[in-house]
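Here it is, the structure in full.
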Amino acid sequence: MTINDFKTGTQIKIVNVSHIRQGDMLWSDGDIVEIKAVEIGNEEGATRVDVWDKEKFLSEYIYPDEFKGIKLVKG
């Protein structure tokens, strides 16, 4: 997957939280969560996906090298 595969509001499944730095703070394997925002080369130069927790209270960034821990949920 590349950053262009993700869109705001799309759901993803956490398939291996151990591949996501700080992922175990918000998610568990099998969680289906929503993308809050997609940032491509933001003002800091970062390319990342901002993903909500299950309650949509907190969010955490997932970077391209961590995409192996997630997959898109087909609707």
**Item:** Rounded distance [0.5 Å steps], CG in Asp5 versus NZ in Lys71
**Value:** 14.5 Å
**Message:** Hydrophobic clusters here meaning ILVMFWY residues chained together by side-chain heavy-atom distances under 4.5 Å, can you tell me if Ile14 and Leu72 are in one?
**Reply:** yes
**Complete:** Note: Phe6 and Ile35 closest approach over all heavy atoms is CD2-CD1, 3.6 Å
**Request:** Tell me, with the steps shown, if Ile3 and Phe67 meet side chain to side chain contact (heavy atoms under 4.5 Å, CB included).
**Result:** CA-CA 9 Å; Ile3 192 73; Phe67 289 172; 3.9 Å; yes
**Criterion side chain to side chain contact (heavy atoms under 4.5 Å, CB included) on Val33 and Ile12, from CA distance to verdict** = CA-CA 6 Å; Val33 290; Ile12 61 168; 3.8 Å; yes
**Asked** If you round to the nearest 0.5 Å, how far is NZ of Lys56 from NZ of Lys36?
**Response** 11.0 Å
**Message:** Under 4.5 Å between side-chain heavy atoms, counting indirect links through other Ile/Leu/Val/Met/Phe/Trp/Tyr residues: same cluster for Phe57 and Met25 or not?
**Reply:** no
**Request:** Evaluate side chain to side chain contact (heavy atoms under 4.5 Å, CB included) for Glu66 paired with Val49, printing each intermediate quantity in order.
**Result:** CA-CA 10 Å; Glu66 302 170 318; Val49 178; over 6 Å; no
**Asked** Would you say Lys7's side chain and Asn4's backbone share a donor-acceptor pair under 3.5 angstrom?
**Response** yes
**Request:** For side chain to side chain contact (heavy atoms under 4.5 Å, CB included), just list the numbers for Met1 and Ile70, CA-CA rounded to whole Å, side-chain angles, deciding distance to a tenth of an Å, and then say yes or no.
**Result:** CA-CA 9 Å; Met1 282 185 292; Ile70 63 176; 4.0 Å; yes
**Asked** How many angstroms lie between NZ in Lys68 and CD1 in Ile62, if you round to the nearest 0.5 Å?
**Response** 12.5 Å
**Message:** Just verifying a value: how many Å separate Thr8 OG1 and Glu39 CD, rounded to the nearest 0.5 Å?
**Reply:** 9.5 Å
**Message:** Rounded at 0.5 Å granularity, tell me how far CG in Leu58 sits from CG in Leu26.
**Reply:** 6.0 Å
**Request:** Give a yes or no answer on whether the side chain of Trp27 reaches the backbone of Trp52 with a donor-acceptor pair at less than 3.5 Å.
**Result:** yes
**Request:** Give a yes or no on whether Tyr61 and Val17 share a hydrophobic cluster (residues Ile, Leu, Val, Met, Phe, Trp, Tyr; joining criterion: side-chain heavy atoms under 4.5 Å apart).
**Result:** no
**Asked** Rounded to the nearest 0.5 Å, what separation is found between the CG atom of Asp24 and the CG atom of Asp29?
**Response** 10.0 Å
